[in-house]
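The next block holds one structure in the form of structure tokens; read it before the comments.
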There are 2 protein chains.
Amino acid sequence: MTTTDRADATILESPSLEDACEGITDGLDRDALVTVFGRCTVDYDGRASSQLEAGDRHVMCKPDGTTLVHGFEGQQPINWQPPGCDVSVSCDHDAPALVLESVRSTPKERLSVRFERVVQVAALSGTDDSDLTLSGTEADLRERLLETPELLEPGFRPLATERETRAGAIDIYGEDDAGRTVVVELKRRRVGPDAVGQLRRYVDALERDLHADASVRGILVAPSVTDRAERLLADHGLEFVSLEPTTE
Amino acid sequence: MTTTDRADATILESPSLEDACEGITDGLDRDALVTVFGRCTVDYDGRASSQLEAGDRHVMCKPDGTTLVHGFEGQQPINWQPPGCDVSVSCDHDAPALVLESVRSTPKERLSVRFERVVQVAALSGTDDSDLTLSGTEADLRERLLETPELLEPGFRPLATERETRAGAIDIYGEDDAGRTVVVELKRRRVGPDAVGQLRRYVDALERDLHADASVRGILVAPSVTDRAERLLADHGLEFVSLEPTTE
DNA sequence: TATTGGATTTCGCGT
DNA sequence: ACGCGAAGTCCAATA
């Protein structure tokens, strides 16, 4: 074994297209994270299709088959290919150009990056065993409400989470102090009309499932609502309770 | 002016933390795309909050204030900061460590990456003036249906796009051959329950707006529907027409 | 493998 | 700045 625990890098500066091709191939073979910076065109065909004229971009190929093409602006890559794709690199001597291709079969997708010039190739090896700990999610909001049900209203009793209905799963299903059925939909942040539609679907479905004459209460729990969402709630006799995922 | 048209790179291999700090600072000052690969911890606090123990990661800082922290797996960054943030780098000699911080004020967010070892720093300069051309979008589906309305059904006449209602804007608003009002909701790909809820909101809102006794037809246009969505459509008297954004 | 809904969603457009 | 909905959304959990 020649594996090193310590992170390391194999770097090529302004390589020929042939050297770049070899460097990228070697890196991919070693399961390194390979980056290529240079002038290229990009073509994609699959769920949609796109073309991009020549420009300088940063391409990253991860050992899990992910490919990302980044420009100088924006958080999102210009083009990409998801994990699990097959990457191949080759030199087109006639053009001349270095071509990086990534494909997958379901769905059928193909990404092609054609470099006319390569400024840098880096093959980066290392390890990362840690998991991210994240708080402030919808799951945290659910925990908070289940631990302290009176945050919804006095007398609220949660009976189930993820209760299935014909329209999908209800976040929290319970009863109020008068024994009426309550459907709670949780959102970690300010909500718009879509969340109201979602809550309404669940309330409707539950009324059908129970073919109850007694009405089902629907309560949206989130830090805040938009005006339109508030009107929609009122239109359909639904309620809102303001609550945040964490206590700060 | 010392600007170069040609892309170029300034690279440091296994630099000291001090040299890395200087290289990153120089790169950011020159509006380069700066990448740092090394062993680091990451902390985020803002819309949510997260911590990440030490591991080898690839950090990218773009000239527009974007920061991305990538691991060896997945298309999405482990942590990030959106465009418009302020980045600063400093050396903590006591620890010792190199600290990269990115902050923004609305909403208040802070990302802190603390390197204990740096394997590579690259400052990448270049230009990219091209725009992506993309096809197969919902806009393409709308064009297709407006150009050939009979793809929906014989006698369909579109009257407006983006027609506003109390619940939001309708994709295509029109009439059928019997003069009945038609609401069309478009989706570029297979749809689930959420799209049905959306269509339903628009149909309801339109019936109110027109306080019509005559019923309003709601038609979902997409390549296909899931089973649950199909049931929901039936439950609410809504219709489905299969159509793709492009003719392949 | 497909379905479903969350996400520090991001992004673009309109008000 | 906020609201709203699309996205080649990605992603994990689930059936």
Side-chain angles (χ1 to χ4, degrees), chain A residues 44-50 66 68-69 73-83 104 106-111 132 134-142 162 164 167-171 185-195 197-198 201-202 224-230 245, chain B residues 44-50 66-69 73-83 85 104-111 132 134-142 162 164 167-171 185-195 197-198 201-202 224-230 245-246:
Chain A
Y44 160 77
D45 198 67
R47 286 172 287 174
S49 92
S50 73
T66 302
L68 302 170
V69 182
E73 293 181 350
Q75 178 172 336
Q76 295 307 123
I78 309 173
N79 280 105
W80 68 92
Q81 202 72 308
R104 70 162 170 170
T106 53
K108 192 170 181 180
E109 289 187 297
R110 193 183 65 92
L111 177 71
L132 187 75
L134 180 67
S135 65
T137 64
E138 183 181 305
D140 292 316
L141 177 56
R142 184 176 59 241
E162 299 294 305
E164 280 298 334
I170 295 170
D171 283 342
E185 174 62 29
L186 305 169
K187 294 294 171 191
R188 65 171 299 279
R189 59 172 211 172
R190 184 173 175 85
V191 293
D194 53 337
Q198 206 178 337
R201 281 198 286 123
Y202 298 151
S224 59
V225 272
T226 65
D227 286 354
R228 189 175 272 170
E230 196 164 29
Chain B
Y44 160 76
D45 198 67
R47 286 171 287 174
S49 92
S50 74
T66 302
T67 297
L68 302 170
V69 182
E73 294 180 350
Q75 178 172 339
Q76 295 308 122
I78 311 173
N79 280 105
W80 69 91
Q81 201 72 308
C85 294
R104 71 162 170 170
S105 46
T106 53
K108 192 171 181 179
E109 288 188 297
R110 193 183 64 91
L111 177 71
L132 187 77
L134 181 66
S135 64
T137 63
E138 183 182 305
D140 292 317
L141 177 56
R142 184 177 58 240
E162 299 293 305
E164 280 297 335
I170 295 170
D171 282 342
E185 174 61 29
L186 305 169
K187 293 294 170 191
R188 67 169 297 281
R189 60 172 210 172
R190 185 173 174 83
V191 292
D194 53 339
Q198 205 179 337
R201 282 197 286 122
Y202 298 151
S224 60
V225 271
T226 64
D227 286 353
R228 178 120 71 183
E230 194 164 30
T246 63

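The analysis underlying the following values was restricted to heavy atoms, covering all of them including side chains, and did not include hydrogens, waters or symmetry mates. A quick note: this is a predicted structure, and the numbers were derived from the prediction, not measured.
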| field | Residue whose nearest DNA chain D nucleotide is more 5′ - B/A167 or A/S50 | value | B/A167
| Taking atom P of C/dT4 as reference, at what distance in whole Å does atom CG of B/D194 sit? | 9 Å
| Within this structure, what is the CG-to-P distance between B/L186 and D/dA6, rounded to whole angstrom? | 9 Å
| said: For A/N79 and B/L132: C-alpha separation, side-chain torsions, deciding distance, then whether side-chain contact (heavy atoms from CB on, under 4.5 Å) applies. | reply: CA-CA 9 Å; A/N79 280 105; B/L132 187 77; 3.5 Å; yes
| Within a reach of under 6.0 Å around CD of B/Q75, are more than 12 heavy atoms found that belong to other residues, nucleotides or ligands? | yes
| said: For A/R228, give me all partners under side chain to side chain donor-acceptor pair (under 3.5 Å), at least two apart in sequence or on another chain. | reply: none
| Checking all strands, does A/Q198 fall into the base, sugar-phosphate, or nothing category for heavy-atom contacts under 4.0 angstrom? | sugar-phosphate
| message | Measure CD/B/E138 against C1'/D/dA6 and give the value in whole Å, please. | response | 6 Å
| Nucleotide C/dT8, atom P - distance to CG of A/L132 in whole Å | 9 Å
| field | B/A48 or B/T226, whichever maps to the more 5' nucleotide of DNA chain C | value | B/T226
| task | Report yes if at least one side-chain N or O of B/R190 is closer than 4.0 Å to OP1 or OP2 of C/dA2; otherwise report no. | result | no
| message | Once rounded to the nearest 0.5 Å, what's the spacing between atom CG of A/L186 and atom CG of A/D171? | response | 4.5 Å
| query | How close or far is atom P of C/dT4 from atom CD of A/E164, stated in whole angstroms? | reply | 10 Å
| request: Please state how far atom CG in B/L134 lies from atom C1' in D/dA6, giving the value in whole angstrom units. | output: 11 Å
| task | Determine the contact category for B/E162: base if any of its heavy atoms lies under 4.0 Å from a base atom, sugar-phosphate if only primed atoms, P, OP1 or OP2 are that close, otherwise nothing. | result | nothing
| request: Return the value, rounded to whole Å, for the distance between atom NZ of B/K187 and atom C1' of C/dG5. | output: 14 Å
| query | What is the distance, rounded to the nearest whole Å, between atom NZ of B/K108 and atom C1' of C/dT8? | reply | 16 Å
| query | Quick check: does any side chain N or O of A/R189 sit under 3.5 Å from a backbone N or O of B/R47, one acting as donor and the other as acceptor? | reply | no
| request: Give one of base, sugar-phosphate or nothing for A/P193, where a contact means two heavy atoms less than 4.0 Å apart. | output: sugar-phosphate
| Taking atom C1' in both C/dG14 and D/dG8, what distance in whole Å separates the two? | 25 Å
| note | Taking every heavy atom of A/S50 against every heavy atom of B/L134, the minimum-distance pair comes out as CB-CD1, 3.8 Å
| said: Does the protein touch nucleotides 9-15 of chain D at the base, only the backbone, or not at all? Give it as B, S and - per nucleotide, heavy atoms under 4.0 Å. | reply: SSS----
| query | If you look at every strand shown and take non-hydrogen atoms under 4.0 Å, does A/G46 touch a base, only sugar-phosphate, or nothing? | reply | nothing
| field | Closest non-hydrogen atom pair, A/G74 against B/P83 | value | CA-CG, 4.1 Å
| query | Is it true that A/R104 and A/E109 have a side-chain N and a carboxylate O under 4.0 angstrom from each other? | reply | yes
| task | Using a heavy-atom cut-off of under 4.0 Å over every strand shown, decide if A/D227 touches base, sugar-phosphate, or nothing. | result | nothing
| task | Looking at every strand, decide which applies to B/S49 at a 4.0 Å heavy-atom threshold: base, sugar-phosphate, or nothing. | result | nothing
Write down the protein N/O and nucleotide N/O pairs, taken from nucleotides 12-15 of chain C, whose separation is under 3.5 Å; answer none if there are no such pairs.
none

| query | Side-chain contact, heavy-atom cut-off 4.5 Å: A/R201 with B/P193? | reply | yes
| query | Would you say D/dC4 has OP1 or OP2 under 4.0 Å from some side-chain N or O of B/Y202? | reply | no
| Contact class for B/N79 (heavy atom, under 4.0 Å): base, sugar-phosphate, or nothing? | base
| field | Main-chain N/O of A/S224 paired to A/R190 side chain as donor or acceptor, under 3.5 Å | value | no
| query | So, the side chain of B/S105 versus the backbone of B/K108: is there a donor-acceptor pair under 3.5 Å, distance only? | reply | no
| Which part of the nucleic acid does B/Q81 contact within heavy-atom distance under 4.0 Å: base, sugar-phosphate only, or nothing? | nothing
